Each structure stands twice: as structure tokens, then as C-alpha cells.
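Here's the structure we're looking at; comments come further down.
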Amino acid sequence: MNIAIIGGGNLGTALALGLKTQFPEWVITLTRRNTEKIEHLRSKGITISDANTEAIAPADMVILAVKPHQILGILDEIRGTVKKKPLVSVVTGVSLSEIEARLEPGAVVFRVMPNTAVARGASMTCIAAGKAGNEAAMKQVETVFKAVGDTVVIDEKMMDAATVLGACGIAFALRYIRAAMQGGIQIGFDAPTSLKIVTQTVKGAAALLSDNLSHPEGEIDKVTTPKGCTIAGLNEMEQKGFSAALIRGILTSFEEIDQLK
């Protein structure tokens with residue numbers, strides 16, 4: 001497969017690395033106006049270019065990973081080159097209808113929201129199809145993004161929510177890990193050991209839910225005993241607003257997306 005990724009920022013770069021790792025035989029081209037910042041990726045087998053239309057011409061699929069304020073100008077530039085190739089936008093806050101309006105009639109457009117864990121093949125990616133998003137194109141998009149994690153197909157109206165829960169969620173999860181690591185240091189571990197314990201514990205917690213298809217509370221009940229240290233810690237966290245603060249953070253991020261439109 002030949003994929004052109006337009007935009008060599010953090011997400012575009014992470015996606016290029018993730019796809020090339022999973023499919024070394026694929027041609028992955030990453031474009032950026034200033035290619036010096038991504039030249040090091042050539043050693044990973046990724047093609048680097050500063051010419052969007054040249055990158056798109058031989059591609060089977062085009063992925064837009066530019067800043068929101070850049071996308072309309074980019075669409076005007078590539079309109080005649082994209083044609084009926086699947087065009088995947090990972091740009092926050094730009095609707096399918098806005099994208100379709102800048103392209104030729106019948107353009108096959110998708111909005112997709114991965115997160116930066118694509119570089120490790122561990123993204124959670126949400127996919128929404130445009131008007132011409134046919135079954136064959138959807139399977140192609142799912143194949144690409146399943147290669148770098150897991151996928152779920154959603155209605156476009158949920159894309160902002162997906163951005164907060166899945167993309168911003170990486171930062172929220174990392175903030176928990178940092179806080180737990182600091183707690184580990186305070187109770188006696190050195191920093192590397194504390195980080196190792198916390199990260200593996202988080203991996204294990206996620207695996208319990210995904211493998212058992214269980215609810216978090218069910219798994220929590222298994223490790224909370226009467227008068228035990230786990231329930232004591234959980235109750236203290238809740239009294240200090242742990243869950244409420246997290247939910248409020250998610251809602252605030254969601255509200256901020258609306259403000260940016």
C-alpha cells in the first residue's frame with residue numbers, strides 16, 4: 001500500500017512510524033514544509049517530501065494531519081490530485097461537510113481520531129465516514145488504523161467527544177501515572193522502579209478489562225477487602241475529589257473544543 005501523510009507534526013510523524021513498523025513493505029510518504037525537522041525519519045524507511053501533490057499522485061490513500069487553520073488551504077491545493085482516493089482527516093474540529101465542500105463531488109472522505117500511541121501500535125482510533133464513504137473504502141481505512149491499535153466506527157457528531165476521551169485521554173492517563181509514580185517515590189521507591197511498577201500496573205488493569213470484558217467496579221471489588229488498605233486509599237481519593245476532578249476535566253476539554261470552532 002502507498003499512503004501519503006500530509007503534515008509532519010507530532011501526530012503525522014507518530015502515524016508514519018507506526019504504519020512503517022507494522023508494514024515495512026508499504027510506501028509511507030510524510031510531507032512537511034520544513035523537511036529538516038523530519039529528515040531523520042528517512043533512516044526508518046519513510047519517504048520525506050515538501051510537495052503535497054507529488055506525494056499524493058501515486059498514493060492509494062491520503063491522510064491529512066495538518067493544523068486546523070491549515071486544512072482548507074491544503075484542500076484547495078490538493079483538490080485536483082485527490083479525486084476519488086480515500087481521504088482521511090485526523091484534524092480536530094473540521095467537519096466532513098467542510099472538507100467535502102472543498103473537494104470534487106463524490107470525494108471519499110473520512111474523519112478519524114487516533115492518538116499518539118499510533119507510534120507504538122496501541123492507538124484507540126475512532127472513524128466516521130462521509131457521504132461517499134463506501135464499504136470497500138471503510139474496510140481499507142479500518143485495515144490501516146487497526147495496524148496501529150484498535151478502532152471503532154462512530155457517528156461524526158461524536159467525533160469531538162472521541163477527541164477528548166481518546167486523544168486528550170492519553171494526557172489524562174499519563175497525568176495519573178505521573179501522580180502515582182510520585183506517590184511511589186514518597187513511600188520509598190526510587191523513580192525508575194516506581195515508574196516501572198505503575199506503568200505495568202496500568203497495563204494490567206487495562207488488560208483485565210479488555211480480556212474479561214468486565215466493568216471497572218467488578219475488578220475493583222476483587223482487590224478491596226473489608227478494612228483493607230485498598231478501600232482505605234480509594235475512599236480517601238474520592239473524598240479528595242478524584243473521580244469528580246477527572247470527569248470535570250473531560251467536560252472542560254469538550255467545552256473547549258466548542259470554543260475553538
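These numbers come from a predicted model, not from an experiment. Atoms considered below: every heavy atom in the structure, side chains included; atoms not considered: hydrogens, waters and symmetry mates.
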Could you state the interatomic distance from [atom1] ([X]) to [atom2] ([Y]), rounded to the nearest 0.5 Å?
| X | Y | atom1 | atom2 | value |
| --- | --- | --- | --- | --- |
| Lys83 | Thr81 | NZ | OG1 | 7.5 Å |
| Thr47 | Ile3 | OG1 | CD1 | 12.0 Å |
| Ile38 | Thr31 | CD1 | OG1 | 7.0 Å |
| Thr116 | Leu11 | OG1 | CG | 7.5 Å |

(message) Is the shortest side-chain heavy-atom distance between Ser89 and Val109 below 4.5 Å?
(response) no

(request) Report yes if the side chains of Asn212 and Glu219 come closer than 4.5 Å at any heavy-atom pair, otherwise no. (result)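 Yes; the side chains approach each other to less than 4.5 Å.
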
Shared hydrophobic cluster, [X] / [Y] (ILVMFWY, side-chain heavy atoms < 4.5 Å):
| X | Y | answer |
| --- | --- | --- |
| Phe110 | Leu72 | no |
| Ile6 | Leu103 | yes |
| Val90 | Leu30 | yes |
| Ile74 | Val82 | yes |
| Ile56 | Ile28 | no |

Measure from the side-chain N and O atoms of [X] to the backbone N and O of [Y], and report whether any donor-acceptor pair falls under 3.5 Å.
| X | Y | result |
| --- | --- | --- |
| Lys85 | Ala57 | yes |
| Ser194 | Met181 | yes |
| Thr13 | Asn10 | no |
| Ser123 | Asn115 | yes |

(message) side-chain hydrogen bond (donor to acceptor under 3.5 Å, both in side chains), that's the test. Do Glu238 and Ser243 meet it? Break it down for me.
(response) CA-CA 6 Å; Glu238 290 304 323; Ser243 294; 2.7 Å; yes

Show which side-chain atoms of residues 136-153 pair as donor or acceptor with protein atoms under 3.5 Å away, not counting sequence neighbours.
from   : atom 1 : to     : atom 2 : distance (Å)
Thr143 : OG1    : Lys139 : O      : 2.8
Lys146 : NZ     : Thr151 : OG1    : 3.2

(message) Holding to side chain to side chain donor-acceptor pair (under 3.5 Å), I want the full list of residues that pass it with Lys227, two or more places apart in sequence or in another chain.
(response)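 With neighbours one apart ignored, the set is empty.
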
(message) Applying side chain to side chain donor-acceptor pair (under 3.5 Å), can you list everything that pairs with Asp155, at least two apart in sequence or on another chain?
(response) none

Please find the pair of heavy atoms, one from [X] and one from [Y], that lie closest to each other, and give the distance.
| X | Y | value |
| --- | --- | --- |
| Pro68 | Val91 | CA-CG1, 3.6 Å |
| Ser95 | Ser97 | OG-OG, 3.0 Å |
| Met113 | Ala167 | SD-CB, 3.9 Å |
| Val118 | Leu15 | CG2-N, 3.4 Å |
| Met159 | Cys126 | CE-O, 4.0 Å |
| Gly12 | Ala65 | CA-CB, 3.9 Å |

(message) Test side chain to side chain contact (heavy atoms under 4.5 Å, CB included) on Leu19 and Ile46; report intermediate values, then the result.
(response) CA-CA 10 Å; Leu19 290 174; Ile46 297 168; over 6 Å; no

(message) Other members of the hydrophobic cluster containing Leu209, with the 4.5 Å side-chain heavy-atom rule, please.
(response) none

(request) Linking directly or through intermediates, with side-chain heavy atoms under 4.5 Å: list the remaining ILVMFWY members grouped with Leu251, chain and number order. (result) Ile247

(message) Would Leu75 and Leu64 count as a side chain to side chain contact (heavy atoms under 4.5 Å, CB included) here? Give the steps.
(response) CA-CA 9 Å; Leu75 289 170; Leu64 291 180; 3.6 Å; yes

(request) With sequence neighbours excluded, give me every salt bridge (charged side-chain N to carboxylate O under 4.0 Å, His left out) pair touching residues 87-116. (result) Asp76-Arg102, Arg111-Glu156

(request) Would you list the pairs meeting salt bridge (charged side-chain N to carboxylate O under 4.0 Å, His left out) in which at least one residue belongs to residues 32-50, sequence neighbours left out? (result) Glu39-Arg42

Under the salt bridge (Lys or Arg N to Asp or Glu O under 4.0 Å) rule, collect the residues that match up with [X], sequence neighbours excluded.
| X | result |
| --- | --- |
| Arg175 | none |
| Asp60 | none |
| Lys240 | Glu236 |

(request) Please say whether more than 12 non-hydrogen atoms of neighbouring residues, nucleotides or ligands are located less than 6.0 Å from CZ in Arg79. (result)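 Result for CZ/Arg79: enclosed.
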
(request) State whether the number of non-hydrogen atoms from other residues, nucleotides or ligands found under 6.0 Å of Glu54 atom CD is greater than 12. (result)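 No, because the 6.0 Å sphere around CD of Glu54 holds 12 heavy atoms or fewer from other groups.
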
(message) Under the ring pair (Phe, Tyr, Trp, His ring centres under 6.0 Å) definition, can you give me all pairs with a residue in residues 18-60, not counting sequence neighbours?
(response) Phe23-Trp26

(request) Would you mind listing every ring pair (Phe, Tyr, Trp, His ring centres under 6.0 Å) that reaches into residues 164-219, with sequence neighbours excluded? (result) none

